[in-house]
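I have placed the structure first, in the form of structure tokens, so that the comments after it can refer back to it.
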Amino acid sequence: MNIVIVVGTRPEIIKMAPVIKELERRGIEFTFIHTGQHFDYEMSQIFINELGLPKPDESFILENNDPVSQIGEMMIKLERSLERHKGGKHKIMLIQGDTNTMLAAGLTALKLGIKIGHVEAGLRSFDWRMPEEHNRRMIDHVSHYLFAPTEISKRNLLEEHVWGEIFVTGNTVIDAIDIYFNKIRDVEEKVMQQIRFERYALATFHRAENVDNLHILRDFIRILRKSPIPIVFPIHPRTRKRLQEYGLWNEIEEIKHLQITPPQGYFEFLTLMKNSTVIMTDSGGLQEEATHPKIRKPVLVLRNSTERPEAVIHGFAKVVGVNPVVVLTELEKILSNEIKLPEYSPFGDGKASIRITNITLSRLEE
Ligand code: UD1
Ligand code: UDP
């Protein structure tokens, strides 16, 4: 089959894993390319290993770090790799989400006449400060098959008059938890032994519009310092780098009720989510994962907007920004009230990858 799958960052590997597994289950061949946008072991290879994914046919080592040159470099390398595999005869490229890797892959496919299937199409934050919002809008407008996770994302696409076919499939992140949740058993004891607190909030923070801004980073540290509950904070490399550049690393390290850890493997991270009391984050994927019936955690979204309104509408998440007074008040509220969360996820039923595979194969046969 002439399918190519492109990944390049942590969330893409996790969210494409169920589709890759479904293709493998059906004995369908595909070319698998990793662009190397994320390159540390714990941001990329660990997920390929843990999730039992095949070794990528191509893995790039990128020379450029800034977005423009990096996107250009990825496009050039993608074109060459596609030529090396299947003699450039791929018919469909499957991409997921809104990173620079996905923009590079989408534009490359467009120029080479390869049809694009966009997994997680139609998300909109309406916040033009975000590079992800630029990327997702452009990708959706060059995609032939738009796999919208929810009715809301479908509506966003209809309002923008995208010309590809739209399918509501659910989000593959729910499939991923269904597939891999049992693996928690293998790591839970070890992971939790290393956590210093009985009861804790799990925090992640890495969005460019947050951590590249000194004032916001300072506010985030204030939130951590004054938190009424201990915090476990698996730190993203971008955030670590910024804290060091801004000379804030000592400040954050001195907070006694804060446990900073390296980025975690997927099973380890699911374990930390499952055992947390509350999640504070600016991550996209975490807002979805927190709604899975096996996780079910309240989320404070440390941003001014979300492209995952379903989590808010269904009572899992609240968009609270990064003002310490507001965030700490909301945190107190969650800790002092009995919170009743739904027992279903608004992001799907765990069959998104089956639907995406069915549609992809049916279009290939046309
Ligand atoms: C990227 C995505 C973001 C996604 C996130 C997932 C874009 C525009 N952003 O953000 O949407 O939520 O991935 O985690 O594509 N770094 C390392 N090691 C790594 C990876 C990154 O040290 O393995 C450092 C590098 O110094 C790099 C910086 O982090 O310059 C930022 O990495 P980049 O991939 O540009 O963006 P992310 O912040 O990871
Ligand atoms: N994740 C992980 N280890 C971590 C932090 C996150 O495995 O230390 C997983 C998490 O379960 C989710 C994905 O990585 O599936 C989210 O990635 P991230 O927050 O970096 O990106 P976003 O979703 O914001 O694009």
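We're numbering straight along the sequence, starting at 1. The figures here come from the full heavy-atom set of this structure, side chains too, leaving out hydrogens, waters and symmetry mates. Read the numbers this way: they start at 1 and go in the same order the structure lists the ligands and their atoms.
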Here the gap from Asp140 atom CG to Leu157 atom CG, rounded to the nearest 0.5 Å, amounts to 5.0 Å
To the nearest 0.5 Å, atom CD1 of Ile174 lies from atom OG of Ser353 at 11.5 Å
Applying ring-ring contact (aromatic ring centres under 6.0 Å, His included) to His236 and not counting sequence neighbours gives His38, His206
Contacts for ligand 2, heavy atom under 4.0 Å, by chain and number, are Arg10, Pro11, Ile14, Phe47, His206, Arg207, Pro234, Pro263, Gln264, Gly265, Tyr266, Phe269, Ser283, Gly284, Gly285, Leu286, Glu289
Discussion item. Working note: Trp163 + His141, criterion ring-ring contact (aromatic ring centres under 6.0 Å, His included); need CA distance, chi angles, decisive distance, verdict.
Written reply: CA-CA 7 Å; Trp163 62 272; His141 283 270; 9.6 Å; no
* May I ask you to decide if the ring planes of Tyr266 and Phe47 are parallel, tilted or perpendicular, using 30° and 60° as cut-offs? => perpendicular
From the list Thr204, Leu286, Leu272, side-chain contact (heavy atoms from CB on, under 4.5 Å) partner of Ile279 resolves to Leu286
For residues 32-59, the salt bridge (charged side-chain N to carboxylate O under 4.0 Å, His left out) pairs (sequence neighbours left out) are Glu58-Arg84
- [ ] Could you walk me through whether His314 and Tyr344 pass the ring-ring contact (aromatic ring centres under 6.0 Å, His included) test, one step at a time?
- [x] CA-CA 9 Å; His314 292 264; Tyr344 59 88; 5.5 Å; yes
N/O pairs closer than 3.5 Å, ligand 1 and protein:
unit_1   : atom_1 : unit_2 : atom_2 : d
ligand 1 : 11 (O) : Glu132 : OE2    : 2.6
ligand 1 : 11 (O) : Arg207 : NH2    : 3.3
ligand 1 : 12 (O) : His206 : NE2    : 2.9
ligand 1 : 12 (O) : Arg207 : NH2    : 2.7
ligand 1 : 13 (O) : His38  : NE2    : 3.2
ligand 1 : 14 (O) : His236 : NE2    : 3.0
ligand 1 : 15 (O) : Gln37  : NE2    : 2.9
ligand 1 : 15 (O) : Asn100 : N      : 2.8
ligand 1 : 18 (N) : Asp40  : OD2    : 2.8
ligand 1 : 23 (O) : Phe39  : N      : 2.9
ligand 1 : 23 (O) : Asp40  : N      : 2.9
ligand 1 : 26 (O) : Lys241 : NZ     : 3.0
ligand 1 : 30 (O) : Asn65  : OD1    : 3.1
ligand 1 : 34 (O) : Gln37  : NE2    : 2.9
ligand 1 : 36 (O) : Arg238 : NH1    : 3.2
ligand 1 : 38 (O) : Arg238 : NH1    : 2.9
ligand 1 : 39 (O) : His38  : NE2    : 2.7
ligand 1 : 39 (O) : His236 : NE2    : 3.3

(request) Decide if atom CD of Glu189 counts as having more than 12 heavy atoms of other residues, nucleotides or ligands within a radius under 6.0 Å. (result) no
